[in-house]
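Take a look at the structure below.
This chain uses plain numbering: 1 for the first residue, then up along the sequence.
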Amino acid sequence: MSIDSTEDLFVSGLKHAYYTEQRLVDALEELEETSSNEELQSGFAEHREETKTHVDRIEQVFDQLDAEAEAEEDPVVEGMIEAHEEFMGKDPSDEAVDRFNIAAGQKSEHYEIAAYGNLIPMADQLGMDDAADTLEQTLREEQDELETLSEYGEQFDYDELEAAD
Ligand SMILES: [Fe+2]
Ligand SMILES: [Fe+2]
(Lines give C-alpha, C1' and ligand atoms only; values in the text may rest on other atoms or scores of the structure.)
(Ligands and ions follow the chains in the order given, each with its own letter.)
Protein backbone atom coordinates (compact mmCIF):
# COMPACT_ATOMS: atom_id res chain seq x y z
CA MET A 1 0.00 0.00 0.00
CA SER A 2 1.47 3.34 -0.95
CA ILE A 3 1.25 6.29 1.41
CA ASP A 4 0.57 9.44 -0.60
CA SER A 5 -2.09 11.41 1.21
CA THR A 6 -2.64 13.08 4.59
CA GLU A 7 -5.18 10.38 5.47
CA ASP A 8 -2.69 7.61 4.61
CA LEU A 9 -0.06 9.26 6.78
CA PHE A 10 -2.55 9.73 9.60
CA VAL A 11 -3.68 6.09 9.49
CA SER A 12 -0.09 4.87 9.33
CA GLY A 13 0.81 6.98 12.38
CA LEU A 14 -2.28 5.78 14.18
CA LYS A 15 -1.36 2.11 13.60
CA HIS A 16 2.09 2.71 15.07
CA ALA A 17 0.64 4.61 18.02
CA TYR A 18 -1.83 1.76 18.59
CA TYR A 19 1.03 -0.74 18.65
CA THR A 20 3.13 1.53 20.90
CA GLU A 21 0.38 2.06 23.46
CA GLN A 22 -0.36 -1.66 23.67
CA ARG A 23 3.33 -2.48 24.20
CA LEU A 24 3.60 0.27 26.81
CA VAL A 25 0.82 -1.31 28.89
CA ASP A 26 3.21 -4.28 29.38
CA ALA A 27 6.35 -2.16 29.55
CA LEU A 28 4.91 0.02 32.34
CA GLU A 29 4.20 -3.13 34.36
CA GLU A 30 7.83 -4.10 33.89
CA LEU A 31 8.95 -0.61 35.00
CA GLU A 32 6.70 -0.85 38.06
CA GLU A 33 7.90 -4.33 39.00
CA THR A 34 11.60 -3.59 38.58
CA SER A 35 11.47 -0.26 40.50
CA SER A 36 12.13 -0.24 44.27
CA ASN A 37 11.00 3.27 45.14
CA GLU A 38 7.31 3.15 46.12
CA GLU A 39 6.44 6.54 44.68
CA LEU A 40 7.96 5.50 41.38
CA GLN A 41 6.10 2.16 41.45
CA SER A 42 2.74 3.81 42.00
CA GLY A 43 3.52 6.46 39.37
CA PHE A 44 4.14 3.76 36.77
CA ALA A 45 1.03 1.84 37.88
CA GLU A 46 -1.11 4.97 37.50
CA HIS A 47 0.24 5.77 34.06
CA ARG A 48 -0.32 2.13 33.06
CA GLU A 49 -4.04 2.60 33.78
CA GLU A 50 -4.03 5.81 31.71
CA THR A 51 -2.22 3.97 28.93
CA LYS A 52 -5.06 1.43 28.74
CA THR A 53 -7.34 4.41 28.11
CA HIS A 54 -4.92 5.60 25.39
CA VAL A 55 -5.42 2.25 23.64
CA ASP A 56 -9.21 2.67 23.88
CA ARG A 57 -9.03 6.22 22.54
CA ILE A 58 -7.11 5.11 19.46
CA GLU A 59 -9.82 2.49 18.86
CA GLN A 60 -12.38 5.31 19.00
CA VAL A 61 -10.42 7.23 16.36
CA PHE A 62 -10.29 4.15 14.08
CA ASP A 63 -14.06 3.95 14.61
CA GLN A 64 -14.47 7.56 13.52
CA LEU A 65 -12.51 6.67 10.38
CA ASP A 66 -14.86 3.72 9.80
CA ALA A 67 -11.78 1.53 9.87
CA GLU A 68 -10.89 -1.61 11.78
CA ALA A 69 -8.35 -0.90 14.56
CA GLU A 70 -5.04 -2.25 13.36
CA ALA A 71 -1.58 -2.21 14.95
CA GLU A 72 1.65 -2.00 13.01
CA GLU A 73 4.90 -2.95 14.71
CA ASP A 74 6.81 0.07 15.87
CA PRO A 75 10.58 -0.53 15.92
CA VAL A 76 11.23 2.42 18.24
CA VAL A 77 9.16 1.09 21.14
CA GLU A 78 10.63 -2.38 20.58
CA GLY A 79 14.11 -0.83 20.79
CA MET A 80 13.25 0.89 24.06
CA ILE A 81 11.98 -2.37 25.56
CA GLU A 82 15.12 -4.15 24.39
CA ALA A 83 17.33 -1.45 25.94
CA HIS A 84 15.60 -2.05 29.28
CA GLU A 85 16.12 -5.80 29.06
CA GLU A 86 19.80 -5.29 28.25
CA PHE A 87 20.23 -2.96 31.20
CA MET A 88 18.54 -5.43 33.56
CA GLY A 89 21.01 -8.08 32.38
CA LYS A 90 23.95 -6.04 33.69
CA ASP A 91 23.29 -6.79 37.38
CA PRO A 92 22.32 -3.20 38.28
CA SER A 93 21.75 -2.13 41.91
CA ASP A 94 18.16 -1.29 42.94
CA GLU A 95 19.02 2.43 42.96
CA ALA A 96 20.56 2.23 39.49
CA VAL A 97 17.43 0.50 38.17
CA ASP A 98 15.23 3.22 39.65
CA ARG A 99 17.26 5.95 37.97
CA PHE A 100 17.33 4.04 34.68
CA ASN A 101 13.56 3.48 34.85
CA ILE A 102 12.87 7.20 35.31
CA ALA A 103 14.87 7.93 32.15
CA ALA A 104 13.24 5.03 30.26
CA GLY A 105 9.80 6.37 31.18
CA GLN A 106 10.79 9.88 30.07
CA LYS A 107 12.01 8.59 26.71
CA SER A 108 8.73 6.81 26.04
CA GLU A 109 6.74 9.94 26.97
CA HIS A 110 8.85 12.09 24.66
CA TYR A 111 8.23 9.59 21.89
CA GLU A 112 4.48 9.53 22.49
CA ILE A 113 4.34 13.33 22.70
CA ALA A 114 6.07 13.55 19.31
CA ALA A 115 3.64 11.01 17.83
CA TYR A 116 0.48 12.72 19.13
CA GLY A 117 1.90 16.16 18.39
CA ASN A 118 1.95 15.11 14.73
CA LEU A 119 -1.30 13.14 14.63
CA ILE A 120 -3.41 15.99 16.05
CA PRO A 121 -2.70 18.56 13.30
CA MET A 122 -3.28 15.84 10.70
CA ALA A 123 -6.68 15.07 12.26
CA ASP A 124 -7.41 18.81 12.16
CA GLN A 125 -6.36 18.97 8.52
CA LEU A 126 -8.70 16.06 7.74
CA GLY A 127 -11.59 17.87 9.46
CA MET A 128 -11.72 15.17 12.15
CA ASP A 129 -12.40 17.46 15.08
CA ASP A 130 -13.57 14.71 17.44
CA ALA A 131 -10.46 12.65 16.70
CA ALA A 132 -8.25 15.67 17.32
CA ASP A 133 -9.96 16.28 20.70
CA THR A 134 -9.64 12.61 21.66
CA LEU A 135 -5.94 12.54 20.83
CA GLU A 136 -5.43 15.87 22.59
CA GLN A 137 -6.68 14.33 25.86
CA THR A 138 -4.03 11.64 25.57
CA LEU A 139 -1.33 14.16 24.67
CA ARG A 140 -2.07 16.11 27.86
CA GLU A 141 -1.71 12.95 29.97
CA GLU A 142 1.62 12.14 28.31
CA GLN A 143 2.84 15.68 29.04
CA ASP A 144 1.75 15.41 32.69
CA GLU A 145 3.54 12.06 33.02
CA LEU A 146 6.70 13.50 31.50
CA GLU A 147 6.58 16.34 34.02
CA THR A 148 6.10 13.92 36.93
CA LEU A 149 9.01 11.75 35.78
CA SER A 150 11.22 14.79 35.25
CA GLU A 151 10.53 15.81 38.87
CA TYR A 152 11.47 12.31 40.07
CA GLY A 153 14.67 12.63 38.06
CA GLU A 154 15.49 16.02 39.54
CA GLN A 155 14.81 14.84 43.09
CA PHE A 156 16.74 11.60 42.70
CA ASP A 157 19.11 10.92 45.57
CA TYR A 158 22.47 10.14 43.95
CA ASP A 159 24.06 9.65 47.40
CA GLU A 160 21.99 6.49 47.83
CA LEU A 161 23.15 5.25 44.46
CA GLU A 162 26.78 5.85 45.50
CA ALA A 163 26.23 4.17 48.88
CA ALA A 164 24.84 1.06 47.22
CA ASP A 165 27.99 -0.28 45.62
FE1 LIG B 1 0.19 6.72 26.01
FE1 LIG C 1 2.70 7.63 28.17
Side-chain angles (χ1 to χ4, degrees), residues 3 9-62 69-120 122 134-165:
I3 295 176
L9 260 184
F10 179 68
V11 171
S12 170
L14 209 55
K15 286 178 183 176
H16 284 99
Y18 191 43
Y19 182 92
T20 298
E21 294 286 14
Q22 291 181 72
R23 290 294 276 144
L24 288 177
V25 172
D26 298 332
L28 283 159
E29 187 172 30
E30 184 66 19
L31 290 178
E32 181 196 345
E33 284 175 356
T34 56
S35 295
S36 303
N37 179 286
E38 279 176 25
E39 207 182 350
L40 198 52
Q41 286 173 348
S42 60
F44 286 131
E46 266 174 47
H47 194 56
R48 182 170 187 257
E49 289 311 306
E50 285 180 339
T51 299
K52 290 179 185 171
T53 309
H54 302 173
V55 172
D56 293 343
R57 290 198 187 118
I58 293 179
E59 287 169 1
Q60 289 170 29
V61 174
F62 274 112
E70 206 186 303
E72 199 169 299
E73 183 171 332
D74 190 293
V76 177
V77 74
E78 284 307 321
M80 289 195 279
I81 290 167
E82 207 178 297
H84 189 265
E85 284 167 3
E86 269 179 31
F87 181 81
M88 292 307 293
K90 289 177 178 164
D91 193 25
S93 66
D94 288 350
E95 291 77 10
V97 173
D98 279 357
R99 189 63 190 86
F100 185 90
N101 285 353
I102 293 168
Q106 283 175 303
K107 287 175 190 174
S108 74
E109 298 314 322
H110 274 287
Y111 185 53
E112 290 182 282
I113 288 166
Y116 288 107
N118 283 285
L119 286 170
I120 293 163
M122 282 192 252
T134 303
L135 298 171
E136 187 82 45
Q137 287 174 42
T138 297
L139 176 63
R140 275 197 291 271
E141 289 172 4
E142 313 296 16
Q143 287 166 333
D144 287 349
E145 176 67 2
L146 177 61
E147 207 170 300
T148 302
L149 288 168
S150 301
E151 278 165 23
Y152 289 156
E154 280 161 25
Q155 291 159 12
F156 186 78
D157 185 353
Y158 289 96
D159 291 339
E160 272 192 42
L161 175 58
E162 292 309 315
D165 64 17

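Applying the salt bridge (Lys or Arg N to Asp or Glu O under 4.0 Å) criterion to Glu49, with sequence neighbours excluded, gives Lys52. Take Tyr18 and apply the ring pair (Phe, Tyr, Trp, His ring centres under 6.0 Å) test, not counting sequence neighbours, and it matches Phe62. In this structure, Tyr111 has no ring pair (Phe, Tyr, Trp, His ring centres under 6.0 Å) partners at least two apart in sequence or on a different chain. Partners of Lys15 under the salt bridge (Lys or Arg N to Asp or Glu O under 4.0 Å) rule, at least two apart in sequence or in another chain, are Glu70. Listed by chain and number, the residues in a ring pair (Phe, Tyr, Trp, His ring centres under 6.0 Å) with Phe100 are His84, Phe87 (sequence neighbours excluded). Asp157 meets the side chain to side chain contact (heavy atoms under 4.5 Å, CB included) test with Asp159, Glu160; sequence neighbours excluded. Legend: residues meeting salt bridge (Lys or Arg N to Asp or Glu O under 4.0 Å) with Glu141, ordered by chain and number and at least two apart, are Arg57. Legend: residues meeting salt bridge (Lys or Arg N to Asp or Glu O under 4.0 Å) with Arg48, ordered by chain and number and at least two apart, are Glu29. Glu136 meets the side chain to side chain donor-acceptor pair (under 3.5 Å) test with no other residue; sequence neighbours excluded. Applying the side chain to side chain donor-acceptor pair (under 3.5 Å) test to Thr51 and every residue at least two apart in sequence or in another chain returns nothing. With sequence neighbours excluded, the residues that form a side chain to side chain contact (heavy atoms under 4.5 Å, CB included) with Ser36 are Asp94, Asp98.
Separation of atoms CG (Leu135) and CZ (Arg140) is listed at 11.0 Å; rounding is to 0.5 Å. Summarising the geometry, atom NE2 belonging to His16 is positioned 12.0 Å from atom CD1 belonging to Ile58; distances are rounded to the nearest 0.5 Å. Taken from CD1 in Ile81 to CZ in Arg23, the straight-line distance is 4.0 Å, to the nearest 0.5 Å. Atom CG in Leu119 sits 11.5 Å away from atom CD in Glu112 (nearest 0.5 Å). The structure places CG of Asn37 at 12.0 Å from CZ of Arg99, a figure rounded to the nearest 0.5 Å. For the atom pair CG of Leu14 and CE of Met122, the computed distance is 9.5 Å after rounding to the nearest 0.5 Å.
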Just list the side-chain donor-acceptor pairs under 3.5 Å for residues 143-151, sequence neighbours left out, or say none.
unit_1: Thr148; atom_1: OG1; unit_2: Asp144; atom_2: O; d: 3.0
unit_1: Ser150; atom_1: OG; unit_2: Gln106; atom_2: NE2; d: 3.1
unit_1: Ser150; atom_1: OG; unit_2: Leu146; atom_2: O; d: 2.7

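Residues Phe156 and Leu40 fail the side-chain proximity criterion, which asks for heavy atoms closer than 4.5 Å.
Partner Phe44 forms a side-chain contact (heavy atoms from CB on, under 4.5 Å) with one of Glu32, Glu30, Glu33 and no other, that one being Glu32.
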### Query
What do the steps show when you test Glu72 against Tyr19 for side chain to side chain contact (heavy atoms under 4.5 Å, CB included), and what is the final call?
CA-CA 6 Å; Glu72 199 169 299; Tyr19 182 92; 5.6 Å; no
### Message
Before you tell me yes or no, could you show the steps for Glu142 and His110 under side-chain hydrogen bond (donor to acceptor under 3.5 Å, both in side chains), namely the whole-Å CA-CA distance, both residues' side-chain angles and the distance that decides it to 0.1 Å?
### Response
CA-CA 8 Å; Glu142 313 296 16; His110 274 287; over 6 Å; no
### Query
Would Leu161 and Ser93 satisfy side chain to side chain contact (heavy atoms under 4.5 Å, CB included), going step by step from the backbone distance to the final call?
CA-CA 8 Å; Leu161 175 58; Ser93 66; 4.0 Å; yes
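The minimum heavy-atom distance linking Leu139 with Gly117 is given by the pair CD1-N, 4.4 Å. The shortest non-hydrogen separation linking Gln22 to Ala71 is NE2-CB, 3.8 Å. For the residue pair Val97 and Pro92, the shortest heavy atom distance occurs at CG2-CG, 3.4 Å.
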